Every structure is written in structure tokens, then in C-alpha cells.
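Structure first, commentary second.
Quick caveat: nothing in here was measured; it's all calculated off a predicted structure.
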Amino acid sequence: MMRQLLACMLAALCLAACREDEVVVPTEYDLIPDLAAPQSRVRGMYLLNEGNMGSNKCTLDYVDFVQGYYVRNLYAERNPTVIKELGDVGNDIQTYGSRLYVVVNCSNKIEVLDARTARRIGQIDIPNVRYVRFHKGYAYATSYVGPVQLNNPDAVRGAVYKIDTLTMKPVARCTVGYQPDELCVLGQYIYVANSGGYMAPNYDSTVSVIEIEGFKQVEKIPVAINLHHIKADSEGKLWVTSRGDYQDTPSRLFVLAKKSGRNEMHVTDTLDIPCSNFCISGDSLYYYATEWNNYTQRNTVTYGIVNTKTKQRVSDRFVTDGTERDITIPYGISIHPETRDIYVTDAKNYVSSGVLHCYTREGRRKWSVRTGDIPAHMCFLKD
């Protein structure tokens with residue numbers, strides 16, 4: 001009996017020591033004045049914090065528009081038994097039906113949660129997964145396929161995985177270009193921005209076109225090197241960002257549209273505008289650029305609005321009260337679908353807490369709140 005008691009005490013001490021060594025981030029609730037809008041169909045907004053690569057610090061925050069709270073590190077509270085929590089480097093977040101899909105890049109998975117409770121349902125295993133979009137009961141996810149390995153001349157081609165959302169299992173795979181990033185479903189096709197980011201200076205420069213019905217690549221559209229984001233506007237044009245090479249080739253924004261009388265897309269316009277990320281609301285494209293230069297070892301930060309109909313920049317700012325000076329590194333952008341409030345995240349120094357800023361549609365700051373590390377990706381929860 002004494003030996004059993006001593007063994008139990010020793011086990012308890014070991015567990016206590018282990019817990020002291022763990023980095024446990026408790027869930028926190030911050031009340032934000034005037035945030036609550038209980039009559040809105042938009043119930044909340046999820047914010048995915050990437051966390052620095054290798055730190056296993058990807059976390060999930062939530063803006064509660066019903067109760068008026070900002071909830072920091074929600075996943076940990078709702079899923080206390082999940083080892084290592086979300087994992088390493090959050091790269092995308094989307095809702096589809098009643099589920100929330102969280103792309104965790106270096107953990108090679110998509111976490112599937114209940115969209116209302118954030119409780120874990122399961123996971124989809126995809127190597128070096130990047131972004132996810134949906135179409136008629138299937139999820140489509142871009143994958144680098146190979147491991148994280150920079151400046152790799154022998155990197156393998158990337159792929160788009162087709163996933164059954166009911167079984168949460170991949171059912172098909174389509175090979176595309178090198179290191180594919182964001183993808184866009186438009187009509188009967190999927191358009192994929194290939195970066196070739198692991199192969200610098202020999203970047204990829206194409207947008208892959210996948211026919212959904214046959215799930216095969218039918219075309220590659222030449223655009224520019226090191227592509228990243230791709231989104232469609234209300235007229236069916238595609239807007240694509242190029243990061244450039246961080247030296248002599250600058251970041252640019254490109255427009256793809258169909259040729260007259262034909263179904264194929266091609267580049268119709270090149271906008272002399274650096275663009276790191278953007279979102280489209282109505283006929284306005286809101287963008288920011290954090291343009292790094294290897295020669296100067298500095299970032300150049302710019303903001304602006306482009307009219308998607310005229311393809312002209314109509315403003316070199318969307319924050320109008322001067323408070324953009326408080327942003328160190330803009331890292332994410334989204335717009336509320338009802339109020340048109342503008343949300344911009346600040347990654348600060350990439351290794352500590354960031355900030356989420358909320359601005360009115362006129363560009364005046366409403367509130368700011370502390371986030372997790374490297375706040376980046378947002379999606380709204382609707383009724």
C-alpha cells in the first residue's frame with residue numbers, strides 16, 4: 001500500500017513538473033464598448049493567428065458581435081484535450097455549411113471545427129497545405145506537396161486536393177505548378193496562383209486552370225513571378241498579386257479576364273501597384289503592401305483602394321484619420337459584409353502579440369485589441 005501511495009505521489013509530481021514546463025495560454029475575454037450588434041445576421045468573426053514557424057503557436061480568436069467580446073485563444077478553451085492545440089502556422093480559415101476549416105500549414109492538416117462552438121470534429125491530412133475553397137460539397141485545398149525547404153532546385157510540383165466534406169477524406173489530386181498558394185473557384189473552373197517560392201530565383205509565374213468536372217489541369221496562364229493571392233470581382237475578373245523577387249522585380253497587381261467571344265482567361269491589365277494582400281467589397285478593392293527589399297533590408301508599407309470596374313486607383317489610403325501610423329506590419333485585411341467596417345491586423349515584430357484594428361467604412365478607427373502572434377486570416381460567422 002505504501003509503495004502504491006509513493007508511486008502515485010511521484011507520478012503527481014512528474015505531471016506537475018511537466019505542466020510547469022508547458023506554455024499554456026489561457027482563454028481571455030475583452031469587452032469592447034459599442035461592439036455588440038445582436039440584430040445583425042453576422043454573429044461573429046474568427047481570426048487565425050499564424051504563430052511563428054516552428055513555435056507551435058497557431059491560435060484562434062473570435063470577435064463576438066452578439067455579446068460584444070473579443071475572445072483570445074478560443075480553441076484551447078473549447079478543446080482542452082487536444083494535444084499541441086491547433087499546431088504550427090495557421091495559413092487560412094473558411095466556413096462552409098456548419099463547419100469551420102482551419103488550415104495549419106506546417107502541421108500538414110486542415111482542422112475541422114463546429115462553426116458555432118469551435119469544438120473539434122476531426123482533421124484532414126494534407127502535406128504542406130496552404131489554402132482551401134469549396135464547391136458543391138467538396139473542399140479544394142492547395143498543397144506544396146513537398147516539405148518546407150527554401151531555395152530547393154529539386155522541389156516537386158504542387159497539387160490541389162479534392163476533399164469530400166462529409167467523410168473529410170481526399171478523393172482526388174490534381175498536379176499544378178510549383179508551390180501553389182491561393183485558389184479561386186469561378187464558374188466551372190478553379191484558378192490557382194503558383195508561386196515557386198521554394199525555387200528562388202527561378203520562381204513559377206503561372207496561374208493553373210483546373211476543370212472542376214474532370215478535375216484536371218487544362219491550361220496554365222502566364223502572369224508574373226512569385227504569385228500569391230487570387231480573387232474574383234463581381235464581374236468575373238480575377239485579381240492576382242505577385243510578390244516579385246524582393247530585389248529588382250517589384251510586387252504588382254494583375255487583372256485576368258476572358259477574351260471577347262472566348263472562354264479562356266488572359267492578363268488584360270498590369271497595375272503599377274505593389275500589393276501584399278487585398279479584399280474586395282462591392283466595386284472597391286482595398287489593399288495594402290508590405291514590400292520587403294533585400295538591398296535596403298527595409299519594408300515599404302502602402303495602402304489604397306482600386307475601383308474594380310475602371311481598374312483605376314481611386315485613393316492611396318483607406319484609413320483617413322492618420323491612425324495607420326500605429327500599424328507596424330499590416331498582415332491581414334477583411335471587410336464586414338453588412339457594416340462595411342474595415343479590419344486590418346498588425347503582426348508587429350512577428351514573435352509577440354499582434355493587434356486587430358477596426359475602422360469605419362469612412363476610414364476612422366473604432367477600436368483596437370491585442371491578438372495572438374501574427375494575426376493574419378479572418379472569416380465571418382453568419383446565421
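A side-chain donor from one of Y295 and D248 sits under 3.5 Å from a side-chain acceptor of the other. A donor-acceptor contact closer than 3.5 angstrom links the side chains of N194 and S208. S251 and E291 are not linked by any side-chain donor-acceptor pair at a separation below 3.5 angstrom, with hydrogens and angles left out of the test. In summary, the side chains of R130 and N105 do present a donor paired with an acceptor at a separation below 3.5 Å, with no hydrogens or angles considered. With 3.5 Å as the limit, one finds no donor-acceptor pair spanning the side chains of H377 and Q94. Judged purely by distance below 3.5 Å, without hydrogens or angles, the side chains of Y62 and R78 never pair a donor atom with an acceptor atom.
Note on K258 versus E264: no salt bridge recorded, every NZ/NE/NH1/NH2 to OD/OE distance being 4.0 Å or above. Taking 4.0 Å as the cut-off between side-chain N and carboxylate O, D114 and R116 do not count as a salt-bridged pair. Remark: D92 engages R133 in a salt bridge, criterion side-chain N to carboxylate O under 4.0 Å. In this structure, D341 does not pair ionically with R361, as no charged nitrogen and carboxylate oxygen lie closer than 4.0 Å. Salt bridge D269/K311: present, at least one basic N to carboxylate O contact under 4.0 Å.
In this structure, Y96 has its ring center closer than 6.0 angstrom to the ring center of F134. In this structure, F215 has its ring center under 6.0 Å from that of Y140. Ring centroid separation for the pair Y144 and Y198 comes in under the 6.0 Å cut-off.
Remark: K366 is not positioned above the aromatic ring of Y359, lacking an NZ or CZ atom under 6.0 angstrom from the ring centre and at most 45 degrees off the axis.
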Kindly indicate, with the supporting measurements, whether the criterion side-chain hydrogen bond (donor to acceptor under 3.5 Å, both in side chains) is fulfilled by D326 and T323.
-> CA-CA 6 Å; D326 296 333; T323 55; 5.4 Å; no
Just do the salt bridge (Lys or Arg N to Asp or Glu O under 4.0 Å) check on E182 and K231 with the steps written out, would you?
-> CA-CA 8 Å; E182 195 169 29; K231 293 179 175 69; 3.3 Å; yes
So R370 and S353, side-chain contact (heavy atoms from CB on, under 4.5 Å) or not? Walk me through it.
-> CA-CA 7 Å; R370 180 172 59 87; S353 298; 3.6 Å; yes
Any chance you could lay out the side-chain contact (heavy atoms from CB on, under 4.5 Å) test for L356 and V63, step after step, and finish with the verdict?
-> CA-CA 10 Å; L356 171 65; V63 183; 4.0 Å; yes
Walk me through it: do D88 and S107 pass the test side-chain hydrogen bond (donor to acceptor under 3.5 Å, both in side chains)?
-> CA-CA 5 Å; D88 193 17; S107 291; 5.6 Å; no
For N294 and D245, run side-chain contact (heavy atoms from CB on, under 4.5 Å): C-alpha distance rounded to whole Å, both residues' side-chain angles, the deciding distance at 0.1 Å, then the answer.
-> CA-CA 9 Å; N294 286 335; D245 63 1; over 6 Å; no
Working for side-chain contact (heavy atoms from CB on, under 4.5 Å), residues L256 and I221 | CA-CA 9 Å; L256 277 63; I221 305 170; 4.0 Å; yes
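Ring geometry for Y303 versus Y288: interplanar angle of 30 to 60°, hence tilted. Classification of the Y69-Y29 ring pair by plane angle, with boundaries at 30° and 60°, yields perpendicular.
Distance check, rounded to the nearest 0.5 Å: CD of E50 to OG1 of T345 gives 9.0 Å. To the nearest 0.5 Å, atom CD1 of residue I333 and atom NE2 of residue H357 are 12.5 Å apart. Taken from OG1 in T142 to CG in D181, the straight-line distance is 6.5 Å, to the nearest 0.5 Å.
Other residues, nucleotides and ligands contribute at most 12 non-hydrogen atoms within 6.0 Å of the CZ atom of R317. Surrounding CD of E213 are at most 12 heavy atoms belonging to other residues, nucleotides or ligands under 6.0 Å away. By the 6.0 Å contact criterion, CD on Q39 is open, its count of non-hydrogen atoms from other residues, nucleotides or ligands being 12 or less.
Cluster membership for I124 and V103, using ILVMFWY side-chain heavy atoms within less than 4.5 angstrom, is shared.
With sequence neighbours excluded, the residues that form a ring pair (Phe, Tyr, Trp, His ring centres under 6.0 Å) with H336 are F65, F380.
A side-chain contact (heavy atoms from CB on, under 4.5 Å) with I230 is found for exactly one of F254, Y131, Y191, namely Y191.
A donor-acceptor pair is defined here as one N or O able to donate and one able to accept, closer than 3.5 Å; such a pair exists between the side chain of D321 and the backbone of R365. Between the side chain of T320 and the backbone N or O of E362, at least one donor-acceptor pair lies under 3.5 Å.
At least one side-chain heavy atom of L48 sits less than 4.5 Å from a side-chain heavy atom of L86.
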